[in-house]
Amino acid sequence: MRRPLFMACLCLVIVLAIGRILTGADTGDAGVLPPDGSPVRITGRIDTRTSETIILKSISIIQNDLKYSYSGKLQCELTNTQEVQSLRLGQHIVLEGFFSHFDAATNHGEFDVRAYSAGKGIGGRVRKAQVLAAEEDYSFLREKLFAFRRRLHDRLAKVFPEKEASVMQTLLLGEKEELDAEVKALYQRNGIAHILSISGLHITLLGMGCYRLLKRLGAPVRVAAAGGAMTLLLYGMMVGMSVSASRAIGMYLLQMLGIFVGRTYDMLTGVGLLAALLVLQQPERLGDVSFLMSFGAVLGICLLTPVFAGDGREDNAGVETASGVVAGLLTVTDILGDSAYERNKYREGWRKVVYERLWRMVSALKSGFAASAGVILFTLPIQLWFFYEIPVYSVLLNLLVLPFMSVVMAGGILSLIPGLGIAGTVDCLILWWYEWICERFGELPGAVWCVGRPAKWQMVIYYSGLFVLIIGRNYAEKWKRQRLYAAYVAENNHGDGHHAERERQRRETRGVDDSVRGRKRESNRKKMQHSDRYSEICPTRWRHVLANFWYTWQGVMTYRNGVMCRIVAAMILVLIVGLLTGNFDRGSRVTFLDVGQGDGIVVETGQGAYLFDCGSTSRRKIGEYVLKPYLKSRGIQSLRGVFVSHPDEDHMNGILELLENGGEWGITVEQMFLPAITEAERREAFEKLLVAAEYAGVPVSYIKCGDEIRDSRLRLRCLHPEENTTLADANAYSECFYVEVFAKAVKWGAAEGMEASGEGGRAASEVYGENGSFAVGVTGERTGHGDTGERKNFGVGAGKLSILLTGDVEGEGEQQLTQELQTLKTLRVAQESQALQNVRKLQESQEPREQQELWESRRQGGFKVDILKVAHHGSGYSTSSEFLAAAGPAAAIISCGRNNSYGHPHAATLQRLEDAKVPWYLTTDYGALTVTVDSHGNRLQGYLRRK
C-alpha cells in the first residue's frame, strides 16, 4: 500500500490526537471567553439561523470594559423570536445578553454538550439576547439558498405526513432538529441512523448525476466536472456543510480535480487529506462523533472491505452510498469461476440474461455484506465509546435497508417538483417498512448487546489487530502473485532472455491475476502439456496418472493455504473483538452520581449492581440523561436491588423513570426495597412507584432495621427505620444502611462457620444463600447472627470499603440512627474479638509471629466508616456532632446542586465536619465521585478532577 500522502496525513492526525490526550486540552475555549452569567455586548456576523437562535462568527466580545477576541462561533438565543426573521445571513449585528458556557458532562457516560458544541465550532451561548444594531449588507447568495431551503422544507411538510416529513427533511436538507424523536431512537437502536446523514448517496445523485448529464448533452469532460462540482458546492452551502457533507463533497471535488489535471483518484489518499485539513482547521473535531464515524466508515470501506470480499483488489471501483458502503459489483467469474462462465457463454436468449442477472445480484449481496461488515468493524470502538452498545443485527438490517435508499432519495427529489407529489407515496411505503422491520428486528433475542465503554488500551489493541489483518492480507496477496509469476515465467521462458522482462512489464500494467478465468486456463494448459510430455516419454498410463495427481495436490495445497489464512484471520478477528468487548473492570466500586439537587449512589460488585436513590429537583429527566448513560457506559443491564430511602422527588423521580422506561432502555430491576413504614402510609407515600413497579413486574420488599443483604462482595445492613415506625416526617424515616464492599469474594458460609456464637445454630448460608446468591434475610434479633467483620479467607491487607448511607435522615430519625451505630460498634468489636480468638487457637502452633501481629492489628480495628454520605445534602438540621462521633467517618461526600436555592451545604454542617477533622467532597466541585475498592488500597476520584 504505497500511499505516502495518506500515511503522512494519518500520522499527522494521530499525532494531534495523542497530543490532545496528553495535554488534556479543554473544550469550549473557556480561557478566552467571559465567565458564566456575565452581561456582554457582542459584535459578529450571522453564520446560520433558525426560528429562535442565530449562530455568530467573526466575534468581538465586550464585558465590563474587557474585550475578548474569539475565533469560533457563539449561539445566541433571542428574546424576540420575530426579530430573527428580519435578520439576514452574513449581516454584521450588535447584541446584548448574558453569556454562559455549555454544560460539561459531570458523570461517566453522560452526554457532553460542551464537547459536542466545540466539535461544531461553537464555544458558548448568549441568553436573553437583544439586537441593538444590524448592518444592511448581507450575503445575497447564502440568503437566497436559505430561503430556497425553507421553501423546500415547507414543500416536504405539505407532501408527506408529519413523521415521514421529518425524516425526508433530515435526509434531503440536513435538518436533524426536525427529526421525529421516536424514529431517531428506533434507527439508532437498530444501527441504521447513518442513512439520514448527508453523504455519498447525495453526491452520487447530485454531483455524479449532473456530471453524467452534462457529458450526455455533449459538454466537454472538464465542463461537466466543473458543473457537478458547482452543483455540490451550492447544495453544501444550502444544507450547512456538516462534517459528513464536507467529507463527501471534498472527496468528489478531489475526484474532479484529478480529471482536470489528468491524474487518477485514490479514495484513501482523498479521505486522509480531507481528515487532516478538517482537523487542522478545528482540532476539536477529533472528539466529535460525526467526524469519527464518517471518516471511520470510509476507512472501513477502503481497508477492510477487500479483506472480507476476498477479491484481492484495491481499486476505487464502486459508488459510495449513504451508509458508506461501496456498491460495486463483482463479475460473474468471481462468483462462479472460469468453467461456469465458459458454460454460460453458450447459453442463448432469456436463460443467459436471467443467469447473469441472478449471479450479479449474488455478487452485489456479497459485496454489500463485505462493505457493511468492514464499516461496522472499523467503527466498532467509536460506536462503543460514544453509545456503549452494539446493534447485533445491524449488518443484516443494512442489507435490507440500503438497496431502497436510492429510491427514497429519488422519490424525495421528484416530490419537490410541483405536480409530482405523488412520487412521495413510494417513499412513505418504504419508510413505513423501515419502521416495521426495525421493530421486528428489535424484538429478536439479543438485539442490543450492552458492552459499556471500552478502555483506551482495548481500543489500541483492537485497531492494532485490524491493521495486522490488513497488512497480512496484502503480504499474502503479494506472495501469491510472486509465486504465480515465478511459475509462469519458469514455464514459458524458453531461452528468450527478454521474455521475463517483457512479462514483468505486462503484469505490472495489467496485474498478475487479471481474472480467475485466465489463471485456470493456464493451469489446465500446463497440466495437459505435462500429461503429453509424460505420455511421450512412456506410453503407459501410470505417468499420466502421476501428473494428474501432482497438479491435483498442488491445487489442494493452494486451497489449503487459503483456508488456513482465513482461519487465522478469523481467529485474530474473534480475539480482538473479544478483547474490545470484554469487561475487564469487574472490580468493586461505589459511585456518587452528580444529579444536581438530589441523591444517586450506584454500588457495583462482581455479582451485580445496586442503586440507592436517584432523583433531582434541579435537573430534568435525571433517569434518562444521567442514570441510563452511566449504567450503559458500565455495561450494566440489570440492577439486583433498588433502594428508595423516602418519597421525596429528589430521591426517587429518576427511579420512577427507570421503572417506566427500563424495558425500552434494556435495563431490568430485579427487586425494589422501600422503608418498612406502616401499611397505610406505604400506599400514600409511594403510590407512583408502586404502580410503576407493578406495571413493570418488579417485586417490592419493605426493609427495616436489622435486615441484611449479601452477595459474594457485599454486605448491607439496614440501620433505620424501625418496622412500622411512627415517625411522621418522611426525612426522619429515611432508609439508612451500613454497606461493606469487598475487593475479593467472601465465602460467607465458611467464614461464619468458624464463629463461636454460643448456640451456633445453622450456618449463615442457609439464611442468605450460597456464595454469589442474592437474598434478603431478617436476623430477628438486633444483634444479628453471624457478623464477624472481616473474614479470615479475605486475607490480610485485602481491600474493603465501608460506607454509611443516610438519605435525608434528621431530627428524631438521626437520634435513633446514632443509637443504632453505637450498638453496632459495640457488637462488632465483641464479635471480631471472639472470632480472632478462635482463629488464634486453631493456628497458634504454626502461625508466624508476624501473622500474629497482623491479626492483632485487625482486632484493634473494630467497626469503622470509611465514607459518610452526608444526610439531606448538607442541611444544617442534620449531621450533628453526636452523630459524627458515633460514626467516626474517614471522609464525607455531599451531593447537592450548584447554586441551589436551599443554600446547601450549610456552613454549620461544614463547620461540624471540620471540627471532627473529617474531609468533605462536593459533587458540585468534582462531579461524580467514585471510590474504587482494590486489594492495594481504596481510591477516591472525582470525574472533573478540579482539586
Side-chain angles (χ1 to χ4, degrees), residues 452 582-591 601-612 631 634-643 667-673 699 701 703 706-718 737-755 757 762-779 784-805 824 828 831-832 835 839 858 861 863-867 930-939:
N583 191 341
F584 297 94
D585 188 12
R586 288 292 186 185
S588 301
R589 58 192 288 162
V590 180
T591 302
I601 302 105
V602 180
V603 178
E604 302 172 55
T605 70
Q607 292 296 315
Y610 306 84
L611 175 64
F612 295 85
L631 297 178
R634 296 290 302 160
I636 299 173
Q637 302 182 70
S638 176
L639 291 169
R640 307 194 76 188
V642 173
F643 300 84
I667 301 173
T668 59
V669 177
E670 296 183 18
Q671 197 165 2
M672 185 169 67
F673 297 91
S701 299
I703 196 167
D707 291 352
E708 284 196 6
I709 294 175
R710 298 178 184 175
D711 70 16
S712 63
R713 295 190 184 182
L714 174 138
R715 176 168 61 180
L716 179 150
R717 182 182 180 91
C718 182
F737 299 99
Y738 180 66
V739 184
E740 293 172 289
V741 184
F742 301 93
K744 297 181 181 179
V746 179
K747 296 182 180 179
W748 295 107
E752 290 172 354
M754 296 187 301
E755 291 184 12
S757 56
R762 53 185 176 176
S765 58
E766 297 180 14
V767 180
Y768 302 106
E770 298 297 332
N771 179 32
S773 66
F774 174 75
V776 180
V778 179
T779 59
H785 174 75
D787 283 330
T788 61
E790 298 182 41
R791 306 300 176 183
K792 174 182 178 297
N793 68 316
F794 194 62
V796 177
K800 176 187 132 176
L801 174 72
S802 57
I803 57 176
L804 184 60
L805 304 178
L824 181 61
R828 185 63 61 89
Q831 290 176 339
E832 286 197 359
V839 172
R858 289 184 62 191
F863 172 85
K864 64 176 182 177
V865 174
D866 296 319
I867 302 290
T930 300
V931 187
T932 304
V933 186
D934 192 86
S935 299
H936 303 290
N938 304 330
R939 300 185 304 274

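Numbers for residues simply follow the sequence, beginning at 1. Remember, it's a predicted structure, so these values are computed and weren't measured experimentally.
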Roughly how far, to the nearest 0.5 Å, is [atom2] of [Y] from [atom1] of [X]?
X: Ile601; Y: Leu611; atom1: CD1; atom2: CG; result: 8.0 Å
X: Tyr738; Y: Cys718; atom1: OH; atom2: SG; result: 14.5 Å
X: Arg717; Y: Arg710; atom1: CZ; atom2: CZ; result: 9.0 Å
X: Leu631; Y: Ile636; atom1: CG; atom2: CD1; result: 5.0 Å
X: Arg939; Y: Leu801; atom1: CZ; atom2: CG; result: 12.0 Å
X: Glu740; Y: Lys864; atom1: CD; atom2: NZ; result: 9.5 Å

Checklist outcome for this item: When Thr605, Ile867, Val739, Val603 are each screened for side chain to side chain contact (heavy atoms under 4.5 Å, CB included) with Val590, the one that passes is Val603
[X]: partners by side-chain hydrogen bond (donor to acceptor under 3.5 Å, both in side chains), with sequence neighbours left out:
X: Ser638; value: Thr668, Glu670
X: Asp866; value: Ser802
X: Thr591; value: Tyr630, Thr930

Checklist entry - Would you call the rings of Phe673 and Phe643 parallel, tilted or perpendicular, where under 30° means parallel and over 60° means perpendicular? => result parallel
Next on the checklist: What I'd like to find out is whether the side chain of Gln607 reaches to under 4.5 Å of the side chain of Arg640, using heavy atoms alone.
Outcome noted: yes
Item to check | Any side-chain heavy-atom pair of Val741 and Arg589 under 4.5 Å | outcome: no
Next on the checklist: Taking the basic N atoms (NZ, or NE/NH1/NH2) and the acidic carboxylate oxygens, is any pair closer than 4.0 Å for Glu604 and Arg634?
Outcome noted: yes
Checklist entry - Hey, mind stepping through Ser701 and Gln671 against side chain to side chain contact (heavy atoms under 4.5 Å, CB included) and telling me if it holds? => result CA-CA 7 Å; Ser701 299; Gln671 197 165 2; 2.5 Å; yes
Item to check | Main-chain N/O of Lys800 paired with Asn938 side-chain donor or acceptor, under 3.5 Å | outcome: yes
Checklist outcome for this item: All heavy atoms of Ser588 vs all of Gly606, minimum pair found to be OG-N, 4.4 Å
Checklist entry - Between Phe737 and Ile709, does a side chain to side chain contact (heavy atoms under 4.5 Å, CB included) hold up when you go through it step by step? => result CA-CA 10 Å; Phe737 299 99; Ile709 294 175; over 6 Å; no
